[in-house]
Amino acid sequence: MSSNDSTWKQRKRNDFGNAKAQCLGKRDKSFQGRIDARAVEVCGIINERDDMYTTSSCAGRCFLYRGVGIKATTDFSRFRISHELIKDPKRYFDLSTIEEDPTGGGDPVRTIGQYDYKVGINGTGEENDKEVNESNDSETELIMDNTDANNSSSSNDSVIWLRYEPFILHVACRSLSVASLLMATARPAFKNVGLTAWKEGRYLVAIWGDEGLEMPLCTPIGMPLYPPNDDSVSKWLAQLCNERHERNWSKIQRFCQNLREMKPPTDDDPDEYQLSFADNPDDRTPVPRSFDVIGDIAYLHSIPEDADSRLTGESIMSKNKSIKVVVARRSNLEGTERAPGEEGLEIIAGADRSPLITTHTEYGIKCVIDLNHTFFSPRMGQERLRICQQVARGENVLVCFGGVGMEAFQIAGRTEASSIVYVELSHHAVDCAKRGHRMLERNKNVKCIGAAERLEIIQGDVLEVVPSMEQSFDRILAPRPKEGKLDSDLGTGDGGAQFLKVLLPRLKEAGECHWYDFVADWEYPACERTRTLIETVCDELGLKMEVLHVARVGSVAMRQLRICLDFKVLRS
């Protein structure tokens with residue numbers, strides 16, 4: 001292949017990567033403010049790949065509505081949206097309480113947030129068309145409040161309908177062969193699969209289920225079509241919805257399994273999957289095939305062998321003008337801080353900077369990093385984005401082992417969480433987080449109002465700070481550091497059980513925890529050892545757990561992976 005063809009393919013690959021980052025990096029202005037819980041796994045598997053990404057998703061839901069049935073119109077209002085099984089049929093299908101009980105035991109109505117725009121009664125709804133995150137198609141049209149519902153109820157069409165909408169997913173693919181492979185992978189689970197739009201370098205695939213349902217519950221004058229006090233009728237209606245939920249979820253799980261087994265397309269040019277830093281074929285200067293760019297510093301994880309390290313560093317700087325310093329790590333990361341230390345980094349090119357501090361930007365959010373004394377990996381940017389997509393409006397979030405604070409900053413600046421509490425032991429990391437916190441206040445790229453005010457920074461040991469808290473949380477992040485040489489072991493050898501015992505009691509009912517662990521490659525994605533550990537701790541605390549998703553976050557050594565196990569805690 002000629003160098004021009006290789007350059008063109010690399011440019012096309014970069015364009016797709018930029019489009020992916022831009023799409024996934026948008027704020028989610030949906031009613032829930034997050035991806036549906038049942039769609040997290042399938043979206044995570046797809047977005048882990050370099051050749052595709054999700055643009056919209058809905059895991060399936062049932063709801064009651066009044067109006068013409070078209071969501072884009074002002075004569076459409078929804079009630080009692082439920083992405084889960086209907087557990088109280090009598091309450092859910094009681095039409096006489098639809099105004100004072102809009103949830104009916106379904107999804108909670110979120111009222112916290114600056115994006116509760118009203119549509120239909122006093123405006124055109126232009127705000128809904130601005131910067132809407134396509135990651136969650138299930139709620140891109142915001143639910144009207146009770147005032148809107150009362151006004152719409154006085155319209156000519158007062159029929160209340162029951163609707164079930166099945167799973168739907170839109171995926172952008174880098175090439176036609178990738179799109180064809182995805183469609184072939186989806187068809188065993190979902191029959192409705194097709195290519196809906198395409199242009200060179202981007203092919204949009206739509207996948208949707210066939211478990212739909214639509215039926216009226218009352219007449220235009222408000223008279224119920226079914227006996228309102230007959231429990232058997234409400235149970236029958238709930239059964240119609242619940243059966244569709246279960247069949248829909250089963251198909252999603254089958255699709256997820258097929259996605260994990262999906263291989264790269266055989267007819268794609270293999271050179272398209274290789275990166276090259278040498279634009280000039282006459283340039284024989286050895287350049288590492290991979291390194292991290294943190295702020296304006298290029299970070300090599302080892303000293304280049306069989307090469308002049310100074311020439312290697314200068315070659316890296318010549319190919320990226322934004323890099324001012326090139327450093328190489330001399331020793332392994334050790335201790336709970338996972339930092340190289342004062343003598344752990346060697347400057348091989350660029351300015352002689354001391355201390356090695358830089359400002360790193362990720363999706364418009366900035367943080368300060370002390371490379372000598374703190375741990376930070378830009379390769380976990382996609383994982384931080386995945387977490388943000390799951391944070392719903394109004395949640396209280398606890399970020400443990402917060403490091404330099406990027407996880408907390410991303411949640412504060414990109415979501416409408418009610419509060420974010422950051423806990424970190426290292427004073428070096430806390431100093432960086434405090435500086436980043438001040439930058440968050442002045443960051444004009446942050447569109448979520450009050451981002452810095454909603455974030456609290458606490459220095460201390462998680463084992464001491466968390467038990468003393470009176471606040472409970474909807475979501476806990478626990479990106480615990482790896483310590484010790486055994487897979488999935490801290491120095492105590494308990495796999496982090498001591499942390500789980502203090503964190504899980506702070507979770508609310510149905511609260512979610514993102515637990516990071518270290519496993520061998522053959523253990524993924526089952527990760528039975530990690531599941532068993534969490535189940536054991538939950539049993540000791542009288543809790544139950546439900547695994548939502550297991551994400552592969554990165555590699556820490558040869559055949560050793562960092563994973564994140566998302567699970568929900570149930571107290572009943």
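Everything numeric in this text was worked out from a predicted model, so none of it was measured.
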Subject >> Residues in salt bridge (charged side-chain N to carboxylate O under 4.0 Å, His left out) contact with E314, at least two apart in sequence or another chain >> reply: R310
Original post:
Can you name the residues that form a ring-ring contact (aromatic ring centres under 6.0 Å, His included) with F473, not counting sequence neighbours?
Top reply: none
**OP:** Could you label the plane-to-plane angle of the Y53 and F16 rings as parallel, tilted or perpendicular, counting under 30° as parallel and over 60° as perpendicular?
**Re:** tilted
Subject >> Which residues share a side chain to side chain donor-acceptor pair (under 3.5 Å) with E383, sequence neighbours left out >> reply: R386, Y516
Subject >> Set of residues satisfying side chain to side chain contact (heavy atoms under 4.5 Å, CB included) with respect to R552, sequence neighbours excluded >> reply: E48, Y524, L561
Original post:
Considering residues at least two apart in sequence or located in another chain, which fulfil the ring-ring contact (aromatic ring centres under 6.0 Å, His included) criterion with F567?
Top reply: none
Original post:
With sequence neighbours excluded, what pairs up with F375 under the ring-ring contact (aromatic ring centres under 6.0 Å, His included) test?
Top reply: none
Subject >> CA sep, side-chain torsions, deciding dist, call: T185, N258, side-chain hydrogen bond (donor to acceptor under 3.5 Å, both in side chains) >> reply: CA-CA 6 Å; T185 303; N258 294 342; over 6 Å; no
**OP:** List in chain and number order the residues that pass salt bridge (charged side-chain N to carboxylate O under 4.0 Å, His left out) with D461, two or more places apart in sequence or in another chain; answer none if no residue qualifies.
**Re:** none
**OP:** Taking salt bridge (charged side-chain N to carboxylate O under 4.0 Å, His left out) as the test, write out the residues that go with K501, two or more places apart.
**Re:** E540
Enumerate donor-acceptor pairs with a distance under 3.5 Å from any side-chain N or O in residues 321-328 to protein atoms, sequence neighbours excluded.
residue	atom	partner	partner atom	Å
S322	OG	N320	OD1	2.5
K324	NZ	K321	O	3.3

Subject >> Selection residues 420-433 - residue pairs positive for side-chain hydrogen bond (donor to acceptor under 3.5 Å, both in side chains), sequence neighbours left out >> reply: E337-S426
**OP:** Given side chain to side chain contact (heavy atoms under 4.5 Å, CB included), test M406 with M380 step by step and report yes or no.
**Re:** CA-CA 10 Å; M406 181 58 93; M380 293 182 65; over 6 Å; no
Subject >> Which residues share a side chain to side chain donor-acceptor pair (under 3.5 Å) with H373, sequence neighbours left out >> reply: E342, D370
Subject >> Axial cation check for F499 ring with R480, 6.0 Å and 45° limits >> reply: no
Original post:
Hey, is CD on Q22 packed in by over 12 heavy atoms from elsewhere, all under 6.0 Å?
Top reply: no
Original post:
Just by distance, with hydrogens left out, do Q257 and E261 show a side-chain donor and acceptor under 3.5 Å apart?
Top reply: yes
**OP:** Mind checking salt bridge (charged side-chain N to carboxylate O under 4.0 Å, His left out) for R531 and listing every partner two or more places apart, or none if nothing turns up?
**Re:** none
